[in-house]
Amino acid sequence: MKVLIVGGGGREHALAHKISQSKKVDKIYCAPGNGGISQIAECVDIKATDIKGMADFAQNAGIDLTVVAQDDPLALGMVDEFEKRGLAAFGPKKDAAIIESSKVFSKNLMKKYNIPTADYMVFDNKEDAASYLADKEYPIVIKAEGLALGKGVIIAQSYDEAKNAVDRIMDERIFGNAGDRIVIEQFLSGTEVSVLAFTDGNVIIPMVSAQDHKKIYDGDKGPNTGGMGAFSPSRIYDREAEKYCMEKIFVPTMRAMNAEGRKFKGVLYFGLIITDKGIFVIEYNCRFGDPEAQVVLPRLKGDLVEIMLALTEERLSDVTIQWDNRAAACVVMASGGYPGEYSKNLKIYGIEQAEKCDNVTVYHAGTKKAGNDFYTSGGRVLGVSALGDTLDEAVKKAYDAVGRISFENAYYRRDIGNPVK
Ligand code: AMP
Ligand code: GLY
């Protein structure tokens, strides 16, 4: 089989790595890919959002399965275009990907189907938003409606901060069209857990839980990033939580999408928050998380391609999915300055030495290859993942491997895997 992966970050490297272990697969392509991915796949220079270009390539190259891993091509309807041409593609169609691309849609869905989430109101003009904010309790959460690279959420500590956020989103358009409408919602305090699930619309099979670290500094301080590290399993998501989520959140969400005529096929990502008052959904994503994929996929036993084929063919109930009992941790190494300004083209040393450590895999997020050397090409550069018998052991192994890698101004958090809140 020939498999094409759409995307070019750490998550796509983790997918390529797992897919390369499948006996069914002879050749992997990745578009656009990156330096690390180019070691196991042929990278093709097509933008992930180029729907027509991607479908043309898949058709010409005789691709048997395309895995659309990134949110924006899914929201733009890449899977719809592939299906129209009779090409197999893994991921939700546009009308189901809306569960991530529109926060108004996802909040209204949860309300309609009684899926636990923070109370909220939707606004399409700033005057109404401002008067609503006047007698609220703070902090309060303000979200731009559309995709904003995970940055469209502002937690305001006071009325003035909230009003200012509304102005910036709706007037100054800091998130562009994503700010046409806003959601204002109740602030929930607790620990966030990510649970990714395979679903073909008939059954839903949750994967092992994970937690990611979104903030740039230790202790979960500073601005949000694309993710500075992750670990699996979560330290607090236990069997009872799993049972509750299956009954009250996972199955109801799958059924709700069916009832809306928007059958979801692919990986449904539940961003949950565990609070004193129960478990709530913070957000849905329509794909594997990044960096969650870098800790969940290494724990998957068996053949990912078999699961993906069964899912696209709507016979997911036929497959048994098994997990490695070991824990996994991933430490992201970033270029100094990220998520603000940072340098690129810095030579990276020590990846090979790091990969000599037991049970360590170095996933590339923003690298390019020149000759035998790797150079940085993005803010998040590498995700160093390790498996261990316990979470603490996995964390230690990941940091030992990180210690072997260097590039100018490399930055990483020192507290990945610690219970922060
Ligand atoms: P989202 O894009 O909706 O996942 O929001 C990004 C981040 O903002 C989440 O991971 C949370 O850390 C935070 N956040 C979003 N909504 C809430 C909420 N209602 N209460 C507390 N924190 C929130
Ligand atoms: N780790 C959060 C995300 O993938 O959106």
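Start at 1 and go down the list; that is how both ligands and their atoms are numbered.
- Side-chain contact of Asn345 with Lys368: a donor-acceptor pair under 3.5 Å is present, judged by distance alone.
- Classified by interplanar angle (parallel below 30°, tilted 30° to 60°, perpendicular above 60°), the ring pair Phe270/Phe250 is tilted.
- Considering backbone and side-chain atoms together, Leu188 places an N or O closer than 3.5 Å to an N or O of ligand 1.
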Can you give each donor-acceptor pair under 3.5 Å made by side-chain atoms of residues 165-175, sequence neighbours left out, with the distance rounded to 0.1 Å?
from, atom 1, to, atom 2, distance (Å)
Asp167, OD2, Lys163, NZ, 3.4
Asp171, OD2, Lys126, NZ, 2.9
Arg173, NH2, Asp180, OD1, 2.5

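- For ligand 1, the atoms lying closer than 4.0 Å to a non-hydrogen atom of Glu185 are 16 (N), 17 (C), 18 (C), 19 (N).
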Requested in this report: Decide ring-ring contact (aromatic ring centres under 6.0 Å, His included) for Tyr159 and Tyr138; before the verdict, give the C-alpha distance in whole Å, the side-chain angles of both, and the deciding distance to 0.1 Å.
Outcome: CA-CA 8 Å; Tyr159 172 77; Tyr138 288 84; 7.0 Å; no
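- Side chains of Tyr269 and Ser194: a donor-acceptor N/O pair is present below 3.5 angstrom, by distance only.
- For ligand 1, none of its N or O atoms has an N or O atom of Asn224 under 3.5 Å away.
- Considering backbone and side-chain N/O atoms, Lys214 never comes within less than 3.5 Å of an N/O atom of ligand 2.
- Taking the side-chain contact (heavy atoms from CB on, under 4.5 Å) definition, one finds that Met254 meets it with Thr199, Ile204, Asn258, sequence neighbours left out.
- Shown in contact with Asn285 at under 4.0 Å from a heavy atom are these atoms of ligand 2, numbered in order with element: 3 (C), 5 (O).
- Counting atoms of ligand 1 from 1 in the listed order, those under 4.0 Å from a heavy atom of Lys103 are 1 (P), 2 (O), 3 (O).
- Under 4.0 angstrom from ligand 2, there are no non-hydrogen atoms of Phe288.
- Comparing heavy-atom distances from atom 5 (O) of ligand 2 across Glu292, Glu283, Arg287 singles out Arg287 as nearest.
- Neither side chain, Thr367 nor Tyr375, offers a donor N or O lying under 3.5 Å from an acceptor on the other.
- Under a 4.0 Å criterion applied to the non-hydrogen atoms of Gly289, ligand 2 contributes the atoms 4 (O).
- Salt-bridge annotation for Asp400 and Lys396: present, with a side-chain N of the basic residue lying under 4.0 Å from a carboxylate O of the acidic one.
- Of the protein's non-hydrogen atoms, Tyr269 OH, 3.4 Å is the one closest to atom 2 (C) of ligand 2.
- For the residues Lys143, Lys214, Glu283, Gln186, the heavy atom positioned nearest atom 15 (C) of ligand 1 is part of Lys143.
- Heavy-atom proximity to Asp212, at under 4.0 Å, picks out these atoms of ligand 2: 1 (N), 2 (C).
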